[in-house]
Amino acid sequence: MELFIQQIINGLHIGSIYALIALGYTMVYGIVKLINFAHGDIMMVGAYTAFVGITIFDLSILMALLLSVLVCSILGVTIEKIAYKPLRNAPRMWALITAIGVSFFLQSLIMILFGASTKPFPSFPSNPIKIGSLQISQITIVSVVVAVILMICLELFIKKTKLGKAMRASSEDAQAASLMGISVNKTISLAFFIGSALAAIGGVLFVVAYPQVKPMMGVMPGLKAFIAAVLGGIGIIPGAMLGGFTLGFIESFTKGFVSSFWPPATLWADAVLFSVLIIVLLIKPTGILGKNIREKV
Amino acid sequence: MKSNTTTKFLAISIVTYAILAVCMATGVINGYISGIIVSILINIIMAVSLAFVTGYLGELVLGHAGFMGIGAYVSAIITMNIDLPMFIEFPFAVICGGIFAALIGILIGIPALRLRGDYLGIITLGFGEIIRIVLNNLKITNGAQGLSGVPSYSNFTITFLIVILTIVILYKIINSRQGRVVIAIRENEIAADCVGVSTFYYKTMAFSIAALFAGIGGGLYAHYHTVINPTSFGFALSIEYLIIVVLGGMGNLFGTVLAGIILGILNEALRSFSEYRTIIYSLVLITIMICRSKGITMQIIISKINVSKKNNPEKLNQRRHKKC
């Protein structure tokens with residue numbers, strides 16, 4: 001039972017990080033219908049920025065976090081302006097290939113700047129809070145709290161503010177939105193801005209939880225966050241959160257709980273994730289919270 | 001016109017083969033370069049088969065390397081475990097690999113092809129990764145170490161022959177009744193459904209044909225590199241083939257072949273830049289895509305060097321105008 005609750009806590013921790021990254025995927029997909037494959041690498045850049053900030057400039061972790069948010073959000077908007085904007089009216093597969101190109105570019109740029117090797121990230125002293133035999137590290141609490149607060153803020157921003165309204169309108173029908181006087185270009189930039197900032201925060205939280213940085217570190221979390229976004233229903237913001245936490249739970253259960261009865265479960269954890277994705281997509285093709293859109297002839 | 005294109009293509013390929021074979025025999029092309037040529041040829045098989053699904057059927061597939069992995073493993077296990085002369089066991093193994101990949105393709109295709117567009121892409125990505133993880137964890141595939149000591153059967157001649165066969169067979173399929181149905185599904189699935197085409201049957205067919213050739217490509221790969229491990233058949237490889245297909249003009253076999261050759265050469269030419277290789281490669285990729293969106297397409301380049309007049313609507317229009 002304790003193992004069970006421990007795994008719920010671990011799932012919350014990793015799930016909150018996935019959810020933060022998934023939000024960026026969902027927001028961008030909602031408006032431009034583009035699977036932004038470079039998103040995981042933006043998260044990686046965020047982690048590296050924090051790494052540089054802490055090891056070279058001796059910043060505190062909070063300052064490093066702010067720095068990486070700044071760098072990533074500027075990076076995200078710049079990428080959108082340079083690489084994606086010219087392809088906005090092109091077939092979607094071209095934009096997809098461009099996104100993959102951007103992802104390669106960021107990976108190789110970091111590889112040239114910092115080398116391909118894995119570097120240890122300075123770890124933080126953490127006194128786990130003990131409840132009975134349960135251990136909750138402060139990092140876990142901070143991650144979950146930060147993630148939940150950000151998600152609530154984002155949800156309020158989307159639902160209550162004018163810019164959020166513009167965003168919802170553009171994602172529903174970009175053409176009609178532009179006819180109503182909404183600057184779709186600015187809205188798209190805003191989506192990239194917020195998405196990249198959240199990815200940076202996710203990256204820093206990830207690197208604090210698993211204290212090492214390497215150029216390819218963004219690929220797997222990026223892919224999983226993307227799965228989380230699809231699982232919850234891509235383009236739907238609460239869906240990304242739900243998907244992220246679901247994925248975190250599934251992962252920590254197969255790795256931590258099932259493996260105590262069946263040791264090879266750790267090796268199959270990713271296969272379980274993908275199987276869940278496939279099953280959900282087959283039963284409900286638009287994701288858990290997705291609305292079924294009928295195709296008109 | 002149709003048979004004309006085929007004969008022309010065969011003539012070009014025979015000449016290419018003769019030139020390359022003579023160069024290899026006389027030592028103008030050394031072993032290293034001929035290795036690159038074989039890799040490019042295998043890439044062409046993979047890209048052309050993916051072009052059939054992505055270009056002609058119009059469905060995004062992000063797990064093509066998974067089928068290649070199945071073909072590679074099945075054929076490698078067969079040749080390593082049976083003891084027959086090379087000319088019997090090699091074709092048998094490669095064909096078995098292809099058929100096994102096609103069967104898995106049907107198995108995956110039946111549920112997956114109910115979805116469309118990005119969702120199909122995601123689900124094939126999921127299946128591709130599952131295939132890789134299964135290969136990584138089974139006993140018969142020797143886990144993460146992979147198989148080594150696969151007999152070295154693939155060489156330039158065999159690979160070239162299979163490339164030509166693949167292209168001719170796919171070309172014939174595309175220009176047959178079945179191929180026209182596949183293209184009709186791409187153009188408008190609902191309309192195709194309405195005129196009585198079983199879209200589901202044809203989609204699964206196209207998907208399994210692509211998987212068949214991917215499996216054959218995998219068999220050649222395994223018997224060329226002699227060492228295979230699951231990590232080489234991951235997501236990155238699927239993406240590499242998709243890039244070739246998209247650059248080749250999606251739904252243009254000869255464009256795909258050309259894109260495969262150009263990207264292969266580019267990849268090698270950039271090798272001397274070592275760590276700057278991927279950065280240049282990615283920049284070239286982004287630039288090409290942005291150029292294409294501005295109207296500089298592979299089709300125009302192809303029509304300039306006169307490989308496929310038939311697929312170029314502009315030329316066709318010009319000719320029509322002349323007739324008028």
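In what follows, chains are A, B, ... by sequence order, proteins preceding strands, each numbered from 1. The model shown is predicted, which means the values in this text are computed figures rather than measured ones.
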Item to complete: Verify the ring-centre separation between A/Tyr84 and A/Phe192: is it less than 6.0 angstrom?
Response: yes
Okay, B/Tyr281 and chain A: the region with an atom under 4.5 Å from a heavy atom over there is side chain
- If only atom types and distance count, is the side chain of A/Tyr25 paired as donor or acceptor with the main-chain N or O of A/Ile227 below 3.5 Å? no
Given B/Thr54, B/Asn136, B/Val134, B/Asn188, the one with more heavy-atom pairs under 4.5 angstrom with chain A than any other is B/Val134
Ranking B/Leu285, B/Ile239, B/Ile122, B/Leu283 by heavy-atom pairs under 4.5 Å to chain A gives rank one to B/Ile122
So, the part of B/Leu60 with a heavy atom under 4.5 Å from chain A: the answer is both
Whatever's closer than 4.5 Å to a heavy atom in chain A on B/Leu62 counts as side chain
Run the ring-centre check on B/Phe52 versus B/Phe207 and record whether the distance is less than 6.0 Å. no
Output, in order, the C-alpha distance, side-chain angles, deciding distance and verdict of side chain to side chain contact (heavy atoms under 4.5 Å, CB included) for B/Ser49 and B/His64. CA-CA 9 Å; B/Ser49 58; B/His64 206 52; 3.0 Å; yes
Greatest number of non-hydrogen atom pairs under 4.5 angstrom with chain B, of A/Leu277, A/Ile100, A/Val272, falls to A/Ile100
Heaviest contributor of heavy-atom pairs below 4.5 Å to chain B, chosen from A/Ile97, A/Thr98, A/Leu281, is A/Ile97
For A/Phe37 together with B/Phe235, are the ring centres under 6.0 Å from each other? yes
Rounding to 0.5 Å, atoms OG (B/Ser238) and CD (B/Glu129) come to a distance of 8.0 Å
Highest number of heavy-atom pairs under 4.5 Å with chain B among A/Ala271, A/Ser275, A/Ala90, A/Gly287 belongs to A/Ala271
Chain A shares the most heavy-atom pairs under 4.5 Å, among B/Val284, B/Thr287, B/Ile243, with B/Ile243
- Step-by-step side chain to side chain contact (heavy atoms under 4.5 Å, CB included) determination, B/Leu50 to B/Thr256: CA-CA 10 Å; B/Leu50 183 62; B/Thr256 309; over 6 Å; no
